[in-house]
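Some notes on the structure that comes next.
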Amino acid sequence: SAVDGSGTWAITTVDNTGSVGRYISLAVVNGNPAISYQDSNNGDLKFVRALDASGTSWATPLTPDSTSTTYYTSLAVVNGNPAISYQEANNGDLKFVRALDSNGTSWGTPLTLDSTGSVGQYTSLKVVNGNPAISYRDSTNVDLKYVRAVDVSGATWGTPVTVTSTGIVGEHTSLAIVSGNPAISYYDTTNADLKYVRAVDVSGATWGTPVTVSSTGTVGEYTSLMVVSSNPAIGYYDATNGDLKYVRATNVTGTAWGTPVTLDSTGTVGTYTSMAVVNGFPAISYYDTTNADLKYVRALNATGTSWAAATT
């Protein structure tokens with residue numbers, strides 16, 4: 001595609017064996033794009049990596065875990081090798097698996113990180129202070145949780161931490177490193193609000209008080225958190241208006257936030273967001289429910305105060 005998304009997009013079919021491609025997560029793995037996703041036919045966890053840096057051709061998909069139905073995958077590079085967090089739906093467990101090589105051609109044994117009740121929804125995997133860490137939802141207790149490995153490869157893990165348990169919380173988590181410490185955006189179901197919380201230490205052992213980022217109407221599902229021009233920013237769905245929204249903090253830690261910006265309001269749009277910085281400016285991919293289309297929109301500046309028209 002063009003770097004600003006205004007040009008022509010090249011669409012490549014990566015896997016068409018039956019019904020595939022739910023719960024996807026995209027990352028660059030050893031220089032080439034790679035994707036984790038669900039094989040809905042068998043419920044398996046799948047992984048596939050491109051054979052070139054642009055993703056014009058792809059290798060044969062691999063199955064890192066076929067023992068249970070897999071949901072909520074999140075792909076990241078952990079100590080040089082691709083790794084995936086996900087929910088094993090049959091038992092309601094949070095799981096993690098890491099490849100044995102930098103390209104992901106072979107995979108290790110999946111690990112169960114949390115099996116207390118039904119856990120592992122909305123996983124978001126990142127490297128935190130050198131070790132892999134995951135934000136996720138505890139559906140049994142309707143809490144937001146976080147767990148971090150005690151080594152760089154994720155061979156052993158610490159005890160899960162309850163980040164917040166006030167009300168029904170923890171859906172649509174997105175984990176990022178903000179001013180050196182882990183931070184999470186998520187949906188507060190009780191209040192129908194977009195929330196943000198940041199740890200008070202670099203590893204995420206203890207967490208601060210959650211901040212309400214937006215509370216006008218039903219807002220905050222499908223969050224995507226990242227640092228944009230030094231400050232945290234979130235792409236998310238406004239369910240009241242059926243709009244795609246974006247908001248950026250006014251400081252580097254996210255204790256205060258600016259006014260949300262509506263990026264697309266044509267029909268019902270803005271679910272399944274994924275945000276990245278593209279050629280220096282924030283950009284978001286998302287779903288157009290009205291037209292059943294994939295859409296993309298990119299800012300016109302580095303902070304996201306103004307945006308270009310959306311591209312289908």
Side-chain angles (χ1 to χ4, degrees), residues 25-29 34 36 72-86 94 96 98 113 122-137 144-154 157-158 160-164 170 172-187 194-211 213 220 222-236 246-258 273-278 280-284 299 302-304:
S25 183
L26 171 70
V28 175
V29 172
S36 63
Y72 304 107
T73 84
S74 183
L75 173 66
V77 175
V78 172
N79 194 25
N81 297 357
I84 306 167
S85 64
Y86 56 103
L94 173 67
F96 170 87
R98 179 174 172 267
L113 309 187
Y122 304 102
T123 76
S124 183
L125 171 66
K126 294 290 187 296
V127 174
V128 173
N129 193 24
N131 297 358
I134 304 164
S135 64
Y136 61 102
R137 187 181 193 235
L144 173 64
K145 298 185 78 174
Y146 167 90
V147 65
R148 179 175 172 268
V150 297
D151 63 89
V152 295
S153 297
W157 290 72
V161 175
T162 298
V163 176
T164 180
H172 304 282
T173 83
S174 184
L175 176 65
I177 306 302
V178 174
S179 192
N181 295 1
I184 305 168
S185 62
Y186 64 97
Y187 180 58
L194 172 65
K195 291 287 192 75
Y196 166 91
V197 63
R198 181 175 172 267
V200 298
D201 61 273
V202 295
S203 296
T206 56
W207 290 76
T209 302
V211 175
V213 177
Y222 303 100
T223 77
S224 185
L225 170 69
M226 69 175 308
V227 174
V228 172
S229 192
S230 300
N231 296 1
I234 305 168
Y236 64 98
Y246 166 89
V247 64
R248 181 173 171 268
T250 55
N251 57 32
V252 296
T253 57
T255 56
W257 290 75
T273 75
S274 183
M275 181 161 57
V277 172
V278 176
F281 298 170
I284 302 173
T303 57

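Between the side chain of T223 and the backbone N or O of H172, at least one donor-acceptor pair lies under 3.5 Å. With T173 contributing its side chain and Y122 its backbone, the two residues share a donor-acceptor pair below 3.5 Å. A distance-only check finds no donor-acceptor pair linking the side chain of S25 to the backbone of S36 [under 3.5 Å]. A donor-acceptor contact shorter than 3.5 Å links the side chain of T123 to the backbone of Y72. In this structure, S229 contributes its side chain and T303 its backbone to no donor-acceptor pair below 3.5 Å.
Annotation for A83 and L125: closest pair O-CD2, 3.5 Å, computed over non-hydrogen atoms. Between P82 and L75, the closest heavy-atom pair is CB-CD1, 4.1 Å.
Between the OG atom in S185 and the CE atom in M226 there is a gap of 11.5 Å [rounded to 0.5 Å]. Here the straight-line distance linking atom CZ of R98 with atom CG of N79 works out to 5.0 Å at 0.5 Å rounding. In this structure, the separation between CG on N251 and CG on N231 is 6.5 Å, given to the nearest 0.5 Å. Summarising the geometry, atom CG belonging to L113 is positioned 4.5 Å from atom CG belonging to L94; distances are rounded to the nearest 0.5 Å.
Checked options I184, V163, V128; the residue passing with S135 is I184 (criterion: side-chain contact (heavy atoms from CB on, under 4.5 Å)).
Side-chain contact check for P160 versus Y136: some heavy-atom pair is nearer than 4.5 Å. Side-chain contact between Y236 and V213 is absent, with no heavy atoms from C-beta onward closer than 4.5 Å. In this structure the side chain of L225 reaches within 4.5 angstrom of the side chain of P232, judged on heavy atoms. At a threshold of 4.5 Å between non-hydrogen side-chain atoms, the residues I134 and W157 count as touching.
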Please tabulate, for side-chain N and O atoms in residues 194-201, each donor-acceptor pair with protein atoms closer than 3.5 Å (sequence neighbours left out).
unit_1	atom_1	unit_2	atom_2	d
K195	NZ	D188	OD2	2.8
Y196	OH	T253	O	2.7
R198	NE	V178	O	2.9
R198	NH2	V178	O	3.4
R198	NH2	S179	O	3.0
D201	OD1	A205	N	3.1
D201	OD1	T206	N	2.9
D201	OD1	T206	OG1	3.1
D201	OD2	S203	N	3.0
D201	OD2	G204	N	2.8
D201	OD2	A205	N	3.0

